Enquirer: 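Below is a structure I'd like to ask you about.
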Amino acid sequence: GNSVTQMEGPVTLSEEAFLTINCTYTATGYPSLFWYVQYPGEGLQLLLKATKADDKGSNKGFEATYRKETTSFHLEKGSVQVSDSAVYFCALSVHNQGGKLIFGQGTELSVKP
Amino acid sequence: KAGVTQTPRYLIKTRGQQVTLSCSPISGHRSVSWYQQTPGQGLQFLFEYFSETQRNKGNFPGRFSGRQFSNSRSEMNVSTLELGDSALYLCASSTGQGYDGELFFGEGSRLTVL
């Protein structure tokens with residue numbers, strides 16, 4: 001079946017540190033891949049996406065590249081800020097599955113000043 | 001434009017009761033999906049409605065049901081509540097067409113079952 005595995009948290013970093021959150025997936029067919037972010041007390045927001053192999057999604061300094069050969073979609077940011085503290089979810093959707101996203105467990109990021 | 005609106009935001013019920021949660025999608029969006037979020041199981045897909053028809057369904061018991069109205073607003077119902085139903089229930093909307101998985105989420109309805 002389809003599944004997403006992401007690194008467990010919590011992850012604690014100092015401001016301006018480099019961030020990597022690992023995400024790997026198992027899917028039939030050719031999924032689209034997403035990173036969603038959930039700030040405290042809020043719903044999820046789409047951070048970035050990639051819909052085919054080798055695509056790079058980017059937004060707000062975050063990047064992730066769709067690697068079909070390693071079935072991965074790792075999230076990176078060169079210099080994190082306190083305001084990046086949130087829970088990050090990796091997710092996939094399979095074509096023709098409509099509004100059904102399969103999420104990883106989430107990784108809590110805490111950035112200290 | 002207004003985002004996805006969920007009501008109520010918080011509610012407390014006792015075991016055996018039932019609950020109805022409401023979701024108003026972004027104007028023009030015809031697809032509404034529901035997710036359950038718990039610390040142990042994470043985010044799990046419940047079901048999706050598109051143009052008043054259930055289009056996809058997750059692996060939840062029949063106590064969990066939903067519907068969508070002609071104005072795309074959606075409700076989900078949980079009957080015979082169990083303690084394990086305590087969770088944040090998230091609604092998400094999308095255009096539902098030419099779909100690539102981008103969903104717009106509401107802030108959720110937090111259900112506590114005592």
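As the structure is a computational prediction, the values presented were derived from the model and not from experiment. Lettering of chains follows the sequences in order, A, B, ..., and the numbering in each one begins at 1.
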Enquirer: Where does B:Leu88 contact chain A at under 4.5 Å (heavy atoms): side chain, backbone, both or neither?
Expert: side chain

Enquirer: Can you confirm whether more than 12 heavy atoms, excluding those of B:Glu52, are under 6.0 Å from its CD atom?
Expert: yes

Enquirer: I need the contact set between residues 70-79 of chain B and chain A: heavy-atom distance under 4.5 Å, sorted by residue number.
Expert: none

Enquirer: Other residues, nucleotides and ligands only: do more than 12 of their heavy atoms fall within 6.0 Å of CD on A:Glu16?
Expert: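 12 or below, so no.
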
Enquirer: How close do B:Gln37 and A:Phe89 get, heavy atom to heavy atom, and via which atoms?
Expert: NE2-CZ, 3.4 Å

Enquirer: Please state whether the side chain, the backbone, both or neither of A:Gln38 comes within less than 4.5 Å of a heavy atom of chain B.
Expert: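 Contact with chain B: side chain only.
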
Enquirer: Which of these, A:Phe34, A:Tyr36, A:Tyr39, sits in a ring pair (Phe, Tyr, Trp, His ring centres under 6.0 Å) with B:Phe105?
Expert: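 Of A:Phe34, A:Tyr36, A:Tyr39, ring pair (Phe, Tyr, Trp, His ring centres under 6.0 Å) with B:Phe105 is met by A:Tyr36 alone.
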
Enquirer: Which heavy atom in B:Gln41 sits nearest to a heavy atom in A:Gln105, and how many Å separate them?
Expert: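 Result for this residue pair: O-OE1, 3.4 Å.
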
Enquirer: Tell me whether the count of non-hydrogen atoms from other residues, nucleotides or ligands lying under 6.0 Å of OH in B:Tyr10 goes above 12.
Expert: no

Enquirer: Against chain A, label B:Leu90 side chain, backbone, both or neither, depending on which of its atoms sit under 4.5 Å from a heavy atom there.
Expert: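 Side chain only.
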
Enquirer: Is B:Glu48 salt-bridged to A:Lys100, cutoff N-O under 4.0 Å?
Expert: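 Between A:Lys100 and B:Glu48 there is no salt bridge, as every charged N stays at least 4.0 Å from the carboxylate O atoms.
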
Enquirer: Taking all heavy atoms of B:Phe45 and all of A:Leu101, pick out the closest pair and write down the distance.
Expert: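 Answer, listing the atom of B:Phe45 first, then A:Leu101: CB-O, 4.3 Å.
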
Enquirer: Decide if atom CZ of B:Arg9 counts as having more than 12 heavy atoms of other residues, nucleotides or ligands within a radius under 6.0 Å.
Expert: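 It does: B:Arg9 CZ has more than 12 such atoms within range.
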
